[in-house]
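Here the structure comes first, spelled out in structure tokens, and everything after it is commentary.
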Amino acid sequence: MKTSLLIVPLALAAAACVNQGKKAEPTQPQPYKFPHSTHIEAGVACLECHSPIPKSTRLQVNVIDVKLPTKSEVCGNCHDPMPTYTPVQRFEPAVNFDHAAHLPRVNNDCARCHVKYTDNGDLLKPVPAMKACTSCHQHAQDFAVGRCQPCHLDLKRYPLKPIAEYSHQANFLAEHGKWARQSVSTCATCHDQTMCSQCHTATTRPLPPSVQFPEKVASDFIHRGDWISRHAMEQQSDPASCYKCHGAAYCQSCHSFQGVAPGMTNPRDPHPSGWVSAHGPIARGNIASCAACHNQGANALCVQCHGSGGINPHPPGWKGTTSQIGSNATCRICHH
Amino acid sequence: MRHRLGIALVAAAAFLAPAAGRASELDVYSNTQLNASQQWRNGQTYSTVPLYEFLSLSGRGLQIPGGDLQLVVDVWGGVNLSTPPWWNGYDNAGRWSGDLNLAYVQGSWLGGDLKVRLGRMSVGYGNSRMLQLDGGSLTARIANMFTLDAYAGAPTTQRFTAYGSVYSSNPTIGNLAVGGRLGFAYAQWLNVGVSTAWAWDSGDVTREDLAVDLKISPVSWMYLLGYLDYSLFAADYFNGFGGQVADATANIVFPVTAHLQATLDYSYNIPALLLPYNSILWVFSDSQRQYLGATARLGLEQFQLKVPLDFDVGYRRVFENAIGSGTTGGNRLFLGAKWRPSTAATVGVEGAWLQVPSGETWTGTNSGYGSARAYGSLKAYGFTGTLDLMGYWYTQTVNGQWSSLIGNATLGYDLGSGLSVVGAVSGGETPYFKNYFSGLVKIVYNQSYRSREVY
């Protein structure tokens, strides 16, 4: 069952690849043949040929919104007979763009954005530079918060800027989750999950990013430096933050390996003398610290004293009732 | 375990190879790394020399009927050449180990409005807490206003060994987790959502949360962010609304420009409610944490000064409320400055101070530390060198020591064609090592392949 969790999606991927293999091999890009410059100099309006554009609300793959006029005085002024021409529909949009919404704002002046055109022999289709957008749309704030959508479809094709040149906001390492929970698709505009996984696969990963990438000194890596010596202090300051990435078994595994967990042959007991009488308030204040070493299941050390009939461990405000015991296995650890 | 992992890796390699060749874009990242370091266990020092291979493959734009496909694999393997290091998981005795961090396929249809993902992935939306999951996820965007995200599967465990047991290192324990988020967004200024997260371990509830989130941007230079995660499970056992809120945050963010930003933040959480609900320990807890703070970044370029110097500052006040100690406070302060004299050089300094809430400082624990760091990097003639110096000074001793001093130096060379080599040495004196030394050498390959039918 567990292996199938992985194999099933990969099999689907393989099926898609087989399907892909049946398609014709990609052809070499063909040069554009239409002389835009000649027509523009002759005063032909863009919309004479690009007549679908005013109603176009979305750029589409391999659609350049051309509909040549069948009878046109404009064409007939120069062409007799009318030429037969099939435009090359070759286009991959990199942004979301609504021509229908923008054209009225520029008085149907396409040249406000389209300053270059394809001509005979061109292989690439020149698209408006980003400054055409930012001449009206403020981009500094979008850049500051990494708000690339809804304009950019996918920025993964471009190399990421060095971390020193790009800042989402102050303290982004600590704050980025608050943005991501609402708009993780925005993160995905630039980042694959492979980037997230450098930190967010603590369950499976063998090294923290600062050990794997010591050369990235300007990156805001979590757990940089002598983390071992100070991790207990960080845990005491913000225990919840540990448990958003690490299960208790993660801590227990290392503490056992290092010989600081209970039950080791040579335990270095971290508890001070008098601990038994002092531990109650401390445990209530930071129970997550206890979980770093102590079993949380039926073999929990606490049960030996706090089991049913022992010292009541429930805090004030506890409203659990005996009727809930039957449906909660955790209750039954103590309440037989 | 190894048998199953081997099958998974072979399957990934066999299926990905033909897929990758036909992808419109394929990003390959390989990091072969030999580490040599010291570990301190049971009062003794051990030398560990693991050899790692980290491999990431990301293929995009593979055409399928009605849409396109993305393939992502992120995997590592390691072999001990000396004493075993600690590797996450309970079976640390072996010479060989490895795991899958990610392995998923994602189909995208309707211009990206419908996405389905299957495999091992991370789920970050709503109150999922960046759950690492073996299963499926779906994202649907409806009328550019509504979004529906949903997931189902088993929380990932290390080495495929511990689904549904307390030996999983995943913070969400169980053999089934489901959840999702329903969101509504209007233009750029409003995004609100309701999310839920449920998990079961052999039928016992380990998560049962409902959350709301909100983002409002009344003006382009200000955001209001809010989030509240409510534990439906705790509602059955604790009186009072405050005892049932596992996690809540409120932020005001001013992203005026990339060189002038500020945030105000407030957080509230009950740490015990982030433990799995089948843990016996959470029934003991009665503590809450509140955090109030602010951060700011100021770059001199904000004032049209052609000096690429940025300053960061952040402060957080911690309030711990627990029986026996009442409300106690702590502090966290961060200061930093980063100067980029050229595109090839960066110099930075940082300082931090942490004071743990006094309710935590029983005998045997430490009440905080101060730290300082200076670093720099320089690229020249294909080489990149870095130097990183860090010092920590503790307010009480750690293992009998008052401080920790570490220095790192790295030197890398760009061989071209996406290949580079990096060497690093680290040394110093820490509470656990009188003379600490470690080193690594790695070969990195990072290349993108593009094969397009358009353009």
Side-chain angles (χ1 to χ4, degrees), chain A residues 2-3 5-7 9-10 13-14 16-17 20 26 92 140-141 144-145 164 169-171 178 180 182 184 192 194 197 200-201 203-204 206 214-215 217-218 225-226 229 233 236-237 239-240 243-244 247 249-250 257-259 272 281 284-285 287-288 296-297 300 313 315 317 319-320 329-330, chain B residues 8 11 15 18-19 22 41-42 56 58 64 74 86 99 101 105 118-119 124-125 130 134 160 166 169-171 191 204 220 237 239 255 257-258 261 269 271-272 274 278-281 284-287 295 297 322-324 346 356 360 363-364 375 386 388 390 398 404 410 424 430-431 453-454:
Chain A
K2 296 162 187 170
T3 305
L5 284 173
L6 175 70
I7 290 179
L10 290 169
C17 298
Q20 178 78 2
E92 184 182 31
Q141 287 141 11
V145 295
Q169 64 182 67
N171 199 27
K178 295 167 186 171
Q182 288 195 316
V184 70
D192 272 330
T194 49
S197 78
H200 281 289
T201 51
T203 301
T204 55
E215 72 277 16
V217 291
D226 185 14
S229 298
M233 292 170 249
Q236 289 157 17
S237 178
Y243 279 115
K244 289 179 180 174
Y250 188 93
F257 194 63
Q258 305 289 357
R284 286 206 194 283
I287 197 72
Q296 302 176 61
K319 68 171 186 179
T330 305
Chain B
F15 286 130
R22 294 188 177 91
R41 306 173 208 154
N42 293 321
S56 296
S58 178
I64 56 174
D74 186 28
W86 175 73
D99 215 335
N101 300 317
V105 294
L118 294 170
Y125 43 77
M130 205 59 180
D134 292 337
F160 299 92
V166 294
S169 292
N170 197 315
N191 193 328
D204 298 331
S220 60
Y237 296 95
N239 281 316
T257 72
Q261 301 161 20
N269 64 53
L274 278 85
N278 64 348
S279 163
I280 190 69
L281 298 182
F284 295 73
S285 175
D286 186 39
S287 78
T295 65
R297 164 164 296 177
I323 287 179
T346 301
V356 174
E360 292 283 343
T363 305
Y375 62 88
T386 69
D388 193 357
M390 290 166 278
V398 175
S404 175
T410 73
T430 79
E453 296 181 28
V454 293

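Proteins get letters first, then strands, A, B, ... in listed order; numbering begins at 1 in each.
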Q: Heavy-atom pairs under 4.5 Å with chain A are the metric here; pick the option from B/Asn191, B/Asp204, B/Asn269, B/Thr430 that has the most.
A: B/Asn191
Q: Find the one option among B/Val398, B/Asp74, B/Leu281, B/Leu274 whose heavy-atom pairs under 4.5 Å with chain A are most numerous.
A: B/Leu281
Q: Identify, with sequence neighbours excluded, every residue that meets ring pair (Phe, Tyr, Trp, His ring centres under 6.0 Å) alongside B/Tyr237.
A: A/Trp318, B/Phe233, B/Trp282
If every non-hydrogen atom of [X] is compared with every non-hydrogen atom of [Y], which pair is closest and at what distance?
{"X": "B/Ser169", "Y": "A/Thr203", "answer": "O-OG1, 3.7 Å"}
{"X": "A/Lys244", "Y": "B/Pro171", "answer": "O-CG, 3.8 Å"}
{"X": "B/Ser279", "Y": "A/Thr330", "answer": "O-CG2, 3.9 Å"}
{"X": "A/Glu215", "Y": "B/Thr386", "answer": "O-CG2, 3.4 Å"}

**Q.** Derivation of the side-chain hydrogen bond (donor to acceptor under 3.5 Å, both in side chains) call for A/Asp226 and B/Ser404
**A.** CA-CA 7 Å; A/Asp226 185 14; B/Ser404 175; 2.6 Å; yes
Q. Given a strict heavy-atom distance threshold of 4.5 Å, which part of B/Asn170 is in contact with chain A: side chain, backbone, both, or neither?
A. both
(Q) Does any backbone or side-chain atom of B/Asn278 lie under 4.5 Å from a heavy atom of chain A? Answer side chain, backbone, both or neither. (A) both
Q. Got a sec, which residues hit side chain to side chain contact (heavy atoms under 4.5 Å, CB included) with B/Ala424, two or more places apart in sequence or on another chain?
A. A/Pro214, B/Thr410, B/Leu440
Q | B/Ser58/A/Asp192 under side-chain hydrogen bond (donor to acceptor under 3.5 Å, both in side chains): CA gap, chis, key distance, verdict | A | CA-CA 8 Å; B/Ser58 178; A/Asp192 272 330; 2.5 Å; yes
Q | Among the listed options A/Ser229, A/Ala329, A/Ala240, the residue most often paired with chain B at heavy-atom distances under 4.5 Å | A | A/Ser229
